[in-house]
Student: 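There's a structure below that I have some questions on.
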Amino acid sequence: RDGLGWKVFFSWGEGGAPRGACLGSGAMQVVLAEPRPATDKSKSRAINGTRPTMHLRVDDLDTRYAELDRAGLALVAPEHTHWGTRWFVARDPDGNLVGFEQPIDG
């Protein structure tokens with residue numbers, strides 16, 4: 001973080017809970033989270049007991065979803081989150097889950 005000149009936009013995981021943080025330079029942001037078992041079994045929050053550990057913010061969520069859906073990589077259609085975004089989850093060719101998000105204007 002420091003070497004890249006990034007700042008922490010927000011973080012979580014006090015008291016022994018799994019940790020995560022949103023880091024970025026202003027022009028881009030990346031959310032990194034420790035892997036952990038998912039107790040919420042809904043499709044978008046836990047796929048086969050695993051949560052996405054990387055979230056990418058995009059400008060046009062629906063277009064990105066359509067591209068990844070055509071490629072057979074999208075797992076869940078876009079939906080609203082409780083943290084103020086719309087997102088969908090995809091699986092990359094190596095099997096990692098990636099969340100794609102767009103802030104909700106409002």
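This one's a predicted model, so the numbers in the text were calculated from it and none came from an experiment. Because only heavy atoms are used, hydrogens play no part in the values below, and waters and symmetry mates are left out as well, while side chains stay in.
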Student: Can you measure from CG (Leu75) to CZ (Phe88) and round to the nearest 0.5 angstrom?
Tutor: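 That separation rounds to 9.5 Å.
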Student: Would you compute the distance between atom SG of Cys22 and atom CH2 of Trp6 and round it to the nearest 0.5 angstrom?
Tutor: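 Reported to 0.5 Å precision, the distance equals 10.0 Å.
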Student: Using a 4.5 Å cut-off on heavy atoms from C-beta on, say whether the side chain of Val89 contacts that of Val98.
Tutor: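 No, too far: nothing below the 4.5 Å cut-off.
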Student: Just jot down the side chain to side chain donor-acceptor pair (under 3.5 Å) partners of Glu101, sequence neighbours excluded, or say none.
Tutor: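 Applying side chain to side chain donor-acceptor pair (under 3.5 Å) to Glu101 gives His55, Trp83, Thr85.
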Student: Are Leu68 and Phe100 close enough that some pair of their side-chain heavy atoms sits under 4.5 Å apart?
Tutor: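 Answer yes - side chains close enough.
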Student: Just to verify, what does Asp60 make a side chain to side chain donor-acceptor pair (under 3.5 Å) with, not counting sequence neighbours?
Tutor: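 By the side chain to side chain donor-acceptor pair (under 3.5 Å) rule, Asp60 matches Thr63.
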Student: Apply salt bridge (charged side-chain N to carboxylate O under 4.0 Å, His left out) to Asp62 and list each qualifying residue two or more places apart in sequence or on a separate chain.
Tutor: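 If we apply the salt bridge (charged side-chain N to carboxylate O under 4.0 Å, His left out) test to Asp62, skipping adjacent residues, the hits are Arg86.
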Student: Determine the minimum heavy-atom distance between Asp59 and Gln102, stating which atoms define it.
Tutor: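 Shortest heavy-atom separation between Asp59 and Gln102 comes out as O-NE2, 2.6 Å.
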Student: Considering residues at least two apart in sequence or located in another chain, which fulfil the side chain to side chain donor-acceptor pair (under 3.5 Å) criterion with Arg57?
Tutor: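 Side chain to side chain donor-acceptor pair (under 3.5 Å) check on Arg57 returns nothing, list empty.
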Student: Could you walk me through whether Glu79 and Trp87 pass the side-chain contact (heavy atoms from CB on, under 4.5 Å) test, one step at a time?
Tutor: CA-CA 6 Å; Glu79 65 180 16; Trp87 85 330; 3.6 Å; yes
Student: What's the separation between atom CG in Leu73 and atom OH in Tyr65, rounded to the nearest 0.5 Å?
Tutor: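 Answer rounded to 0.5 Å: 11.5 Å.
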Student: Using the side chain to side chain donor-acceptor pair (under 3.5 Å) criterion, which residues pair with Asp69? Sequence neighbours excluded.
Tutor: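 Scan of Asp69 (side chain to side chain donor-acceptor pair (under 3.5 Å), adjacent residues dropped) gives none.
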